[in-house]
Amino acid sequence: MKHKPSIVALILALLAAALSGCGFKDIDKRFFVVAIGIDRPADNPKNYLVTLKLAVPSPKIEPGAAKAQIESVEAPTIAEAVRLIKSYVDKELDFGHCKIYMLGDSLAQQGYTDAINWVSRRRDIQNVAYLAIGKPDARTIIQSNPPAERYPGNTLFLQFGKDGTESSYIISTYIFDFVRRVGEHGLDPVLPIMRKEKEEYIITRVALLDKEKAVAALTPSETEIFNQISHHMTKSTVTANVNGEIMVLSVNKITSRYKIVKEADGSHMLRMTIKISGIFEEAPMGVYSADWAKLEAAFNKQYEFEANSLLKKIQQAGVDPLGFGLRYRATHKGSEQTWKRWQTIYPQLKFDVTAKITIEGTGISD
Amino acid sequence: MLNRISTLFADAKDLNALRIENNEMIIEIAYISSLCDESKVSDFILVPFQKEQQPFDLILERNPQFQLVHDPAMWTHIILRGFVLLSVKGKIYSLDTARIIRNETPLTQVETAILGPQLALSEDLVDSINIIRSRYPSPDLGIEEKTVGSMSQTRLMMLYDNRHVDPNVLSEARLKLQSIRIDFLNATGQLERKLNGKRSLLPTMMITERPDRIVNCLQRGKVILLMQGSMFAIVLPATFYEFMHAVDDDYDSFWMTRMLILLRYIAVILTITMPALYIAVVSYNPELFRVQLAFSIAGSRSAVPYPSFVEVFIMLFMIESLIEASLRLPKYIGSTATTVGGLILGQAAQQAGLVSSIMIIVTSVVAISNFVVPVNNMSIAIRFVKYPLIIPAIFFGITGVTVGIFALVCYMTHLRSFGKPYIRIFGPIKAHAGDIGQVREE
């Protein structure tokens, strides 16, 4: 056979044509979903209300030029709702740039398992997208249009990501991390709570979740301490009230470490040391010549108290977002028994927080 | 003799076949006047013959420039190369009086360097060898002469450093030169194609006009092929890396030249992959962009009626015709035409909604980075490589591009240049597969 190689090549080419994966679809024939909200409608709590924010691209990128189309559909399952929305729009939906998956507050309270199931199963959903809880519901948040947005969804992306604002009150949670925390013994998920005020978004609080639903929410100041302990968030502050004067320290460096130790009486104790160093951001004049050791002691005392009560609040909610259980499992002989033992230990665990706050300077003035 | 010569040649006016006599003897001379320097003919033959200070046959015997010709079959060949044929007392002699029209002290035009030597090789073999020898004063320089082309009888010179050259490369080069079947050999590129194999995607021999590059290569044990009538030389064997190396890299500031080398590799990768990647990312995997870019591309593409690959073909067609036109047009209009054409076409095509503004950028990046490659024959070969990559991109998206690039790398590693691996960073030397290690670097 003289033409053998060319025939083989032809057959291979024909076979390869059958392999084509996701179809050829130009970028302008796609509708980019930038945010999804998943709610339980109040009147029909069996159903899902899925809201998509679709970006309407424009070649000009200017402040306030962002145009978005909002589509909401109610259906018994999320997948059905998304399929239904496809017949509402003229272009193919593309989740490749969807960075925000927002769960409604009521959905989070009732149980998020189905929603996470859908999110983690679809291959076109990016694992590096953010999860959040929308209050009072996801739809309201998704629908709002911040006036200065340059392109649709930008405000959301910047608030959650580290590109834009870095606030100590925002704890952003990636989908992959959330799914890991849902599946892991001894480590529970947290989600930021997003509220809407006028046309702006506000994230100041974090919700604590167990493996099925949201169980508690932290206040903004608790969120900041949580962020300091768990993420070593340096763009944060430490506040103390010394002799009636409020002093604020801007944090330069945080380290925290803890140990779970068994006491003589058989109870367990968690010893945590938090080292923080920072510079005064707010202090009365003359603080330079004051006795810093005394100030530090006052800071330490108040911080220890706040951290202690935060840990107790988390413990009382019955969740473990800081991963104490995982640490216990990792440092003790591994078997099913270890985990069961921890489940009896954790509700009775005592906390002993030692803060070591160092004042490095008084800022530029003084 | 004269009768035989007149039967061998067609009726040509410039064929001089004369019989002259003095007191002593009669001689016959034959030469083609247009190929010869007539003053030489007169100085060496006519004047001494007529003056008769010495017996003319004695002059012929004593002067080594007159060479005895034994084989009558060589006569036409000798005359056609600008020699004079003499018949004296039954013996036939030849004398070199060739006059070759050539470019005088040519300057580098194709491969320019700012701080390097500005002199290029000459179109005449002797001048070229003069340039090379004066830069390479080594007794080890070996020069072999070959003739290629059944009609053109083009003279080739093979230069190498006897001490550094790899004998296997040398013998393979000799073998390949012998096996060339061609009627007319006009340019070095033709010879390179014959040596390389017809359908080769990438050149495995360098074509250069720079004497400094040649001297460097000689010193590193490479073989140089010079051709009569061409100011370009072939350097063999060559690796892919050498094509990315400009002579300036050895002359200019160290850090900047390292950066330029890096830049060239990036440019080559860009020029090969950009059109394919554009199709793949725009039509299959737009999540690869940052979201800002995705939206602005989607916005600028929304007016484009055709799928992305048609857009790519339109723009590539345009840019390739511009490049081709600038090459074909006379020098003086060339640059104007391309500037005007490029600017107006690009701008208008985007405003008319035929292509997106990002595609204009892609096209210009592809065109510009293509010319960053310092060696011209590689630059042209690379200009083609982007097209085969577009096809898998159309059908399989980013996966297709990846597979295509993988196939290209496989092909490049499979290539051998006279037994030397073409692209090798590390890896064992396999003698049984004709791989005899890299040419020595000294």
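Just so it is clear: chains get the letters A, B, ... in the order the sequence lines come, proteins before strands, and each one is counted from 1. All heavy atoms count here, side chains included; hydrogens, waters and symmetry mates do not.
A donor and an acceptor atom, one from each side chain of S236(A) and N227(A), are nowhere located under 3.5 Å apart. A side-chain donor from one of T77(A) and E80(A) sits under 3.5 Å from a side-chain acceptor of the other.
Surrounding NZ of K235(A) are at most 12 heavy atoms belonging to other residues, nucleotides or ligands under 6.0 Å away.
The shortest non-hydrogen separation linking F371(B) to A367(B) is CD1-O, 3.1 Å.
Residues of residues 87-99 of chain A that come within less than 4.5 angstrom of chain B, heavy atom to heavy atom, are D94(A), G96(A), H97(A) in numerical order.
Counting only heavy atoms from C-beta outward, the side chains of I323(B) and R383(B) approach each other to under 4.5 Å.
In terms of heavy-atom pairs under 4.5 angstrom with chain A, the leader among P307(B), A280(B), P392(B) is P307(B).
R139(A) places no side-chain N or O within donor-acceptor distance of the main-chain N or O of D39(A), the cut-off being under 3.5 Å.
For residues 384-413 of chain B, the salt bridge (Lys or Arg N to Asp or Glu O under 4.0 Å) pairs, not counting sequence neighbours, are E320(B)-K386(B).
Of the atoms belonging to V304(B), it is backbone heavy atoms, and not side-chain ones, that fall under 4.5 Å from chain A.
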